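Taking it in order: structure first as structure tokens, then the write-up.
We number each residue from 1, following the sequence as shown. Values in this document were obtained by computation on a predicted structure and should not be read as measured data.
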Amino acid sequence: MRIYCIALRAGKELIDADRNHIIEFRNVSFKYSGSDVYALKNINITIPFGQKLSIVGENGAGKTTFVKLMTRMYDSTEGEILLDGVNIKTIDYEQYMSFFSSVFQDYKLFSFSIKDNVAFAQLMDEDKVRDILGYVGFGEK
């Protein structure tokens, strides 16, 4: 049985949502509760706004753990993750989570139209959905 370290949701700081953000990992390490082995150790990377990043590796290499740390599904064991120079643990959790959309290996297919899947839980018209699909590279599809 695995025990996961789930992120605490104590942050209250609000970030300007209308700017180009930079994410930085500074000496980030993570190990699951009850484990002596690090899933990730001393990760240092800066991801500027608009940069595309591919995370590749063998099963168990820490790819999903990296994304879950970045999206605050987990909190790091060591080091810090910054958004625009601010430790993400101090940022309002709900606002921070609104900056991300992740699909993990355990994805679910919803029995809705593409529009409803993209707009899930938000009201938006078809033009907005088309703009979003085009922005992420699915405009022609």
inquiry  = When you measure from the side chain of D84 to the backbone of I22, do you find a donor-acceptor pair of N or O atoms at a distance under 3.5 Å?
reply    =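 Answer holds: yes.
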ask   = Who pairs with N42 by side-chain hydrogen bond (donor to acceptor under 3.5 Å, both in side chains), at least two apart in sequence or on another chain?
value =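 For N42, no residue satisfies side-chain hydrogen bond (donor to acceptor under 3.5 Å, both in side chains) once neighbours in sequence are set aside.
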message = T65: which residues meet the side-chain hydrogen bond (donor to acceptor under 3.5 Å, both in side chains) condition with it, sequence neighbours left out?
response =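 Counting only residues at least two positions away or on another chain, T65 forms a side-chain hydrogen bond (donor to acceptor under 3.5 Å, both in side chains) with Y32.
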task = Taking all non-hydrogen atoms of both residues into account, name the closest pair between K31 and V37 and its distance.
result =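 Where K31 meets V37 most closely, the heavy atoms are CB-O, 3.3 Å.
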Separation of [Y] [atom2] from [X] [atom1] (nearest 0.5 Å):
X   : Y    : atom1 : atom2 : value
F30 : T77  : CZ    : OG1   : 5.0 Å
H21 : F49  : NE2   : CZ    : 8.0 Å
F99 : T71  : CZ    : OG1   : 13.5 Å
L53 : I45  : CG    : CD1   : 5.0 Å
F66 : I55  : CZ    : CD1   : 5.0 Å
R72 : F100 : CZ    : CZ    : 10.5 Å

key: salt bridge (Lys or Arg N to Asp or Glu O under 4.0 Å) contacts in which one or both residues fall within residues 35-46, not counting sequence neighbours   =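 Passing the test, one end in residues 35-46: K41-E78.
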task = Using salt bridge (charged side-chain N to carboxylate O under 4.0 Å, His left out) as the criterion, list what pairs up with R26, not counting sequence neighbours.
result =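 Per chain and number, R26 pairs via salt bridge (charged side-chain N to carboxylate O under 4.0 Å, His left out) with E24, E80.
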inquiry  = Please enumerate all residues that pass salt bridge (charged side-chain N to carboxylate O under 4.0 Å, His left out) together with E58, with sequence neighbours excluded.
reply    =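 None.
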request  = Treating Ile, Leu, Val, Met, Phe, Trp and Tyr as nodes and any side-chain heavy-atom pair under 4.5 angstrom as an edge, say whether L82 and M70 lie in one connected cluster.
outcome  =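 L82 does not cluster with M70.
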inquiry  = Grouping I, L, V, M, F, W and Y whenever their side-chain heavy atoms are under 4.5 Å apart, do Y38 and L69 come out in a common cluster?
reply    =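 No, because Y38 and L69 fall into different hydrophobic clusters, even though each may have its own neighbours under 4.5 Å.
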ask   = Got a sec, which pairs hit side-chain hydrogen bond (donor to acceptor under 3.5 Å, both in side chains) with one end in residues 46-56, sequence neighbours left out?
value =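 For residues 46-56: none.
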ask   = Are the side chains of V28 and I81 in touch, meaning some heavy atoms are under 4.5 Å apart?
value =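 Answer yes - side chains close enough.
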message = If you apply the rule side-chain contact (heavy atoms from CB on, under 4.5 Å), what do you find for I88 with I91, and how did you get there?
response = CA-CA 5 Å; I88 64 172; I91 298 172; 4.3 Å; yes
